[in-house]
K.L.:
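Shown below is the structure under consideration.
Numbers here are sequence positions counted from 1. Side chains are part of it too, since the values below use all heavy atoms of this structure and drop only hydrogens, waters and symmetry mates.
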Amino acid sequence: MLNISVVLVTYNRLTLLKKCLDALNKSTYNIKHVIIIDNNSTDGTSEYLEKIKSKKILFRS
């Protein structure tokens, strides 16, 4: 079975990021990691990501 890593780049798109993460959580693929690159968003993205307690989701701001 393949392990899949997903890389997301975001900038001030918190609403869309939440939808994307929700869709990935519902995915039937074996997603091992979701790597999120936050390009210095000012819409609360970093704060939101810091609250997520998942070893699967990794992020940098």
Side-chain angles (χ1 to χ4, degrees):
M1 179 176 278
L2 293 174
N3 289 318
I4 298 170
S5 293
V6 175
V7 178
L8 300 172
V9 180
T10 187
Y11 176 73
N12 286 341
R13 296 289 185 258
L14 182 55
T15 302
L16 293 175
L17 178 62
K18 288 178 181 181
K19 288 180 182 181
C20 184
L21 291 175
D22 184 52
L24 290 171
N25 282 332
K26 293 176 182 175
S27 173
T28 58
Y29 290 105
N30 184 29
I31 298 174
K32 186 170 183 173
H33 293 107
V34 178
I35 303 161
I36 302 169
I37 311 297
D38 176 25
N39 282 332
N40 206 22
S41 295
T42 58
D43 65 349
T45 297
S46 291
E47 292 81 6
Y48 171 75
L49 292 172
E50 287 173 3
K51 291 179 185 177
I52 295 176
K53 304 294 183 201
S54 173
K55 292 181 179 183
K56 182 176 170 176
I57 297 175
L58 310 167
F59 78 95
R60 289 277 183 183
S61 52

K.L.:
Report the residues that fulfil side chain to side chain donor-acceptor pair (under 3.5 Å) with Asn39, sequence neighbours left out, ordered by chain and then residue number.
P.N.:
none

K.L.:
Kindly write out the residues that satisfy side chain to side chain donor-acceptor pair (under 3.5 Å) with Lys53, not counting sequence neighbours, or none if the list is empty.
P.N.:
none

K.L.:
Scan for side chain to side chain donor-acceptor pair (under 3.5 Å) pairs involving residues 10-20, sequence neighbours excluded, and state none if there are none.
P.N.:
Asn12-Thr42

K.L.:
When rounded to the nearest 0.5 angstrom, what is the spacing between OG in Ser5 and NZ in Lys56?
P.N.:
10.5 Å

K.L.:
Does anything in residues 30-47 pair up under salt bridge (charged side-chain N to carboxylate O under 4.0 Å, His left out), and if so which pairs, sequence neighbours excluded?
P.N.:
none

K.L.:
Could you work out, with salt bridge (charged side-chain N to carboxylate O under 4.0 Å, His left out) as the rule, every residue matching Lys26, not counting sequence neighbours?
P.N.:
Asp22

K.L.:
Please find the pair of heavy atoms, one from Lys55 and one from His33, that lie closest to each other, and give the distance.
P.N.:
O-CD2, 4.1 Å

K.L.:
Which residues pass the side-chain contact (heavy atoms from CB on, under 4.5 Å) test with Asn40, sequence neighbours left out?
P.N.:
none

K.L.:
Any chance you could pull the hydrophobic cluster mates of Ile52, using side-chain heavy atoms under 4.5 angstrom and chaining through other members?
P.N.:
Ile4, Val6, Leu8, Leu14, Leu17, Leu21, Leu24, Tyr29, Ile31, Val34, Ile36, Tyr48, Leu49, Ile57, Phe59

